[in-house]
Amino acid sequence: MKKKILIGVGIILLIVIGVFTYMISTTKKHSPAAIAAYKQNGMDLSVNYCRPYKKGRIIFGDKSTGALQPYGEYWRIGANEATTFTTTTPVLFNGAAIAPGKYALYAVPGSSNWTIALNNENDRWGATPPDEKNDVLRTQVAPNVNADLQEQFLISFEPVNDNSVNMVLHWDNTRVTIPVAQK
C-alpha cells in the first residue's frame, strides 16, 4: 500500500513539475528575457528583465480604464520573474547611496509620480509584491507620459557624462528616467 502511495505522489510531482516548466517556457515566448547593461569609467550596472508587448492594450492608467498596470499598484517592472538591478560598485541611485549588490527592482506607477524601489528579495517570481520591509531604497521620479510609442517594454542606459548614466524605462507612451551616478 505504501508503495502505491509513493508511486502516486511521484507521478503527481512529475506532473506538477512538467506543468510549471511548460508555463515558464510559454510565458518567456510572450515576454522574452533581456539584459540592459552599462560598463564604463568604473561603473558596472545591469538589469535582467522580461519584455512584454503592448498588443493594443492600455498599459498605464486608472483602474477604471482597464489599464494593464493600474496607477497606485505594484508593478514588477517587466514580466515573469522579478526584474533585478545589479551594481558592482557603490552608486547614487536617483541621488541615494546604494551598496554593491543585486536587488529586485519594482515600481508603483502614478500619473505624475512613480515610486521606484530596490528590494533584497531578488530571487522571486515577480507577480506578488515583495515585503516592503526588505526595501533598500524607495525613491520618487516623474514620468514623461507623452513619449514616443514603445510597443515592447524596454530598459536602457543613456550616458550623461563620465560619472553618470540615466536608466530609462520605456513602454507605450510612458518613459521614466532614473539617474545613476558614481558615488
Side-chain angles (χ1 to χ4, degrees), residues 16-17 19-21 23-25 27-28 30-39 42-52 59-63 67-144 153-158 163-172 174-183:
V16 168
I17 290 170
V19 167
F20 184 70
T21 302
M23 287 173 46
I24 288 175
S25 67
T27 60
K28 291 284 184 163
H30 299 289
S31 300
I35 298 172
Y38 178 82
K39 187 172 186 173
M43 274 202 298
D44 188 357
L45 312 171
S46 66
V47 179
N48 288 9
Y49 69 110
C50 290
R51 299 186 63 202
I59 302 301
F60 303 107
D62 291 319
K63 199 171 207 167
L68 179 65
Q69 180 54 57
Y71 291 146
E73 294 186 15
Y74 162 81
W75 180 42
R76 64 185 135 190
I77 302 184
N80 305 328
E81 59 269 349
T83 293
T84 58
F85 172 84
T86 304
T87 177
T88 60
T89 59
V91 294
L92 297 174
F93 190 91
N94 199 29
I98 295 296
K102 179 179 177 181
Y103 305 97
L105 173 67
Y106 73 92
V108 179
S111 60
S112 60
N113 194 35
W114 280 37
T115 298
I116 304 290
L118 296 175
N119 186 288
N120 281 326
E121 295 180 53
N122 61 43
D123 61 347
R124 42 191 303 287
W125 193 255
T128 56
D131 186 343
E132 289 181 13
K133 293 178 192 169
N134 294 319
D135 285 352
V136 174
L137 167 82
R138 288 178 75 84
T139 189
Q140 306 295 311
V141 292
N144 171 359
F153 176 59
L154 178 66
I155 298 177
S156 61
F157 288 103
E158 297 176 352
N163 299 319
S164 65
V165 62
N166 286 331
M167 183 172 72
V168 177
L169 316 176
H170 192 176
W171 196 15
D172 195 7
T174 301
R175 182 179 160 98
V176 175
T177 302
I178 306 158
V180 181
Q182 289 180 328
K183 184 172 176 196

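Residue indices begin at 1 and follow the sequence shown. Only a predicted model underlies this, so the values are computations on that prediction, with no experimental measurement involved. Any value given below was found using the heavy atoms of this structure, including those in side chains, with hydrogens, waters and symmetry copies removed.
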Report task. Calculate, to the nearest 0.5 Å, the distance between atoms CG and CD1 belonging to Leu169 and Ile155 respectively. Result -> 5.5 Å
Report task. Check whether any side-chain heavy atom of His170 sits under 4.5 Å from a side-chain heavy atom of Ser156, and report yes or no. Result -> no
Query - Within-4.5 Å side-chain heavy-atom neighbours: Val176 and Trp171 - result: no
Query - Test side-chain contact (heavy atoms from CB on, under 4.5 Å) applied to Ile59 and Phe153, step by step - result: CA-CA 10 Å; Ile59 302 301; Phe153 176 59; over 6 Å; no
Query raised in the report: Hey, is the main chain of Lys133 close enough, under 3.5 Å, to the side chain of Asp131 for a donor-acceptor pair?
Result: yes
Query - Side-chain donor/acceptor of Asn94 to backbone N/O of Gln140, under 3.5 Å - result: yes
**Report entry** Passing candidate, side-chain contact (heavy atoms from CB on, under 4.5 Å) with Ile116, options Leu137, Val108, Val141
**Finding:** Val141
**Report entry** Shortest non-hydrogen separation from Pro100 to Pro90 and the atoms involved
**Finding:** CG-N, 3.6 Å
Query raised in the report: Is it true that a side-chain atom of Asn122 and a backbone atom of Ala82 form a donor plus acceptor pair closer than 3.5 Å?
Result: no
**Report entry** Main-chain N/O of Thr86 paired to Tyr103 side chain as donor or acceptor, under 3.5 Å
**Finding:** no
Query - SB check Arg76 Glu81 (cutoff 4.0 Å) - result: no
Query raised in the report: How long is the span from the OG1 atom in Thr139 to the CD1 atom in Ile178, to the nearest 0.5 Å?
Result: 8.5 Å
Query raised in the report: Between the side chain of Ser46 and the main-chain N/O of Ala36, is any donor-acceptor distance below 3.5 Å?
Result: no
Requested in this report: Answer yes when Glu158 and Arg175 have at least one side-chain N-carboxylate O distance shorter than 4.0 Å, and no when they do not.
Outcome: yes
Requested in this report: Might you work through the side-chain contact (heavy atoms from CB on, under 4.5 Å) test for Thr88 and Leu45, ending with a clear yes or no?
Outcome: CA-CA 7 Å; Thr88 60; Leu45 312 171; over 6 Å; no
Query - Check: Tyr74 ring centre within less than 6.0 Å of Tyr106 ring centre - result: yes
Query raised in the report: Are the side chain of Arg51 and the backbone of Pro32 linked by a donor-acceptor contact shorter than 3.5 Å?
Result: no
Report summary line: Rounded to the nearest 0.5 angstrom, the OG1-CG distance for Thr83 and Asn48 is 8.5 Å
Query raised in the report: Can you list the steps and then say if Thr84 with Tyr49 is a side-chain contact (heavy atoms from CB on, under 4.5 Å)?
Result: CA-CA 7 Å; Thr84 58; Tyr49 69 110; over 6 Å; no
Query raised in the report: Between Gln182 and Thr89, does any side-chain donor sit less than 3.5 Å from a side-chain acceptor?
Result: no
Query raised in the report: When you check the side-chain N and O atoms of Asn119 and Asn134, is any donor under 3.5 Å from an acceptor?
Result: no
Query raised in the report: Are Ile98 and Leu92 side-chain neighbours, meaning at least one heavy-atom pair lies under 4.5 Å?
Result: no
**Report entry** Atom pair CZ (Arg138) and CG (Leu118), whose distance is rounded to the nearest 0.5 Å
**Finding:** 10.5 Å
Report summary line: Heavy atoms of Cys50 and Ala33 approach each other most closely as SG-CA, 3.9 Å
**Report entry** Where Trp114 and Pro109 come nearest, the two heavy atoms and their spacing
**Finding:** CE2-CB, 3.4 Å
Query - Aromatic plane relationship, Phe60 with Trp75 - under 30° parallel, 30 to 60° tilted, over 60° perpendicular - result: perpendicular
Report summary line: Between the OH atom in Tyr38 and the OG atom in Ser164, the distance rounded to the nearest 0.5 Å is 7.5 Å
Report task. State the CD-OG1 distance between Glu132 and Thr115, to the nearest 0.5 angstrom. Result -> 9.0 Å
